[in-house]
Asker: 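Encoded as structure tokens, here's the structure I'll be asking about.
One-based numbering along the sequence shown. Note that ligands are numbered from 1 as they come in the structure, with each ligand's atoms numbered from 1 the same way.
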Amino acid sequence: LNKPDYIRKDVNYEGCTDSFEDATTVLIGAGYDGTSTYRSGSRYAPRAIRKNTILSQEDYSPYLKKDLKDQAIHDFGNIQIPHGNREEVLKRIEQVSEYVVRHNKKPFFIGGEHLITLPAIKPLIQKYPDLHVIQLDAHLDLMDVLFGERFSHGTVMRRIYELLEEPKRIFQVGIRSGNQEEFIFSESNTKVFLFNTESFIPQIKLLEGKTVYLTVDLDVFDPSLIPGTGTPEAGGIFFPEFINLLKHIKHLNIVGADLVELSPPIDPTNISTIIASQILRELLLIL
Ligand SMILES: [Mn+2]
């Protein structure tokens with residue numbers, strides 16, 4: 001299996017300095033925003049997040065009392081995205097994920113929009129038949145079709161559900177938006193924890209002993225904290241609640257993850273990007 005030739009080195013995420021060979025986690029930018037139906041711009045997130053870590057971010061987390069330098073993380077760079085060719089984009093992301101997984105490393109994707117989770121997770125579903133998913137998100141993303149498209153940021157969890165062998169393997173946390181059909185579908189097919197992390201925390205024990213994929217859609221956070229996202233929804237979580245959740249899931253066997261839906265150009269203050277890169281630091285520290 002050759003290294004895909006469409007990966008380009010970007011500025012390095014500070015603290016992620018290990019070689020590919022030495023790393024246990026591999027960071028990959030997948031800046032695709034081709035199906036964003038409301039506000040696009042997440043294609044710019046991988047570079048914006050990395051740049052911020054150089055200018056303003058410490059490698060050490062006082063929350064988790066860990067330092068990125070002590071983690072074995074390689075920053076692979078970005079997948080070159082042919083925006084007009086969705087099929088090719090999805091193929092590339094899946095191939096890169098497969099490359100990382102075949103080398104027994106954990107892929108961590110920076111989106112891009114939420115559709116990137118589908119190709120990112122596929123090789124992990126193949127490798128781990130017991131794979132479960134934690135989705136932090138304002139939206140269910142369980143539509144079968146959105147604006148005529150089966151492959152979209154609004155259908156991504158439905159497509160992932162179809163790849164998992166049995167229902168109730170997707171834990172959807174912080175949900176506060178979806179249409180009636182999606183909520184009816186979720187009743188028998190996923191586990192939904194509305195509005196915040198409170199009702200989820202007692203259920204984390206169900207994930208012990210399983211392999212877990214963690215997908216974080218930044219719109220789970222309150223839009224006053226992260227206005228720079230494609231589809232903001234009122235009433236989201238704040239940073240301390242997120243840290244508390246990480247402390248409750250950090251012992252799980254998380255084998256892959258992503259952080260999606262940051263759109264830097266929407267927020268002229270740049271605060272959304274700064275907070276997203278700090279969120280990413282904390283996520284990298286629990287892998
Ligand atoms: Mn989403």
Side-chain angles (χ1 to χ4, degrees), residues 29-46 49 86 89-90 93 108-122 132-147 149-164 169-179 181-183 185-186 189-197 200 212-223 225-237 242 245 256-264 266-267 272 275-276 279-280 283:
Y32 175 62
D33 61 6
T35 81
S36 297
T37 44
Y38 184 30
R39 311 197 296 178
S40 59
S42 63
R43 68 178 65 182
Y44 304 110
I49 285 176
R86 181 174 51 197
V89 170
L90 298 183
I93 296 169
F108 193 121
F109 284 88
I110 312 173
E113 56 154 274
H114 215 159
L115 181 59
I116 69 122
T117 305
L118 177 64
I121 202 174
K122 269 188 185 175
H132 285 59
V133 181
I134 301 173
Q135 172 199 2
L136 304 186
D137 203 328
H139 310 91
L140 287 167
D141 293 348
L142 285 174
M143 290 179 205
D144 189 30
V145 178
L146 175 59
F147 297 128
E149 301 198 87
R150 293 188 76 248
F151 295 94
S152 153
H153 68 100
T155 67
V156 61
M157 299 316 291
R158 182 70 167 259
R159 298 287 91 81
I160 290 169
Y161 160 81
E162 291 165 352
L163 297 175
L164 297 170
R169 283 190 174 189
I170 304 176
F171 290 61
Q172 305 187 280
V173 183
I175 300 297
R176 54 195 189 275
S177 176
N179 65 32
E181 281 165 28
E182 288 178 273
F183 276 103
F185 181 86
S186 75
N189 297 303
T190 69
K191 288 179 181 290
V192 175
F193 305 91
L194 287 175
F195 308 128
N196 54 50
T197 63
F200 172 58
V212 175
Y213 186 92
L214 174 62
T215 177
V216 180
D217 186 327
L218 282 161
D219 63 33
V220 74
F221 291 91
D222 194 84
L225 185 67
I226 301 192
T229 189
T231 321
E233 294 285 343
I237 69 169
F242 171 71
L245 177 66
D258 61 57
L259 180 68
V260 297
E261 296 286 355
L262 172 71
S263 178
I266 291 173
D267 178 2
S272 300
I275 294 174
I279 287 166
L280 178 53
L283 288 168

Asker: With side chain to side chain donor-acceptor pair (under 3.5 Å) as the criterion, how do T117 and D258 come out once you've worked through the C-alpha distance, each side chain's angles and the decisive distance to 0.1 Å?
Answerer: CA-CA 7 Å; T117 305; D258 61 57; 2.9 Å; yes

Asker: Between atom CG of L118 and atom NE2 of H153, what is the distance when rounded to the nearest 0.5 Å?
Answerer: 14.0 Å

Asker: For the residue pair T215 and H114, confirm or rule out a side-chain donor-acceptor distance under 3.5 Å.
Answerer: yes

Asker: Please round to the nearest 0.5 Å and tell me the distance separating atom OG of S272 and atom CD1 of I49.
Answerer: 10.5 Å

Asker: Quick one: salt bridge (Lys or Arg N to Asp or Glu O under 4.0 Å) partners of E149, sequence neighbours excluded?
Answerer: R86

Asker: Does OH in Y44 sit with more than 12 non-hydrogen atoms of other residues, nucleotides or ligands closer than 6.0 Å?
Answerer: no

Asker: Keeping waters out of it, list the protein N, O or S atoms under 2.8 Å from the Mn ion (ligand 1).
Answerer: H114 ND1, D137 OD2, D141 OD2, D217 OD2

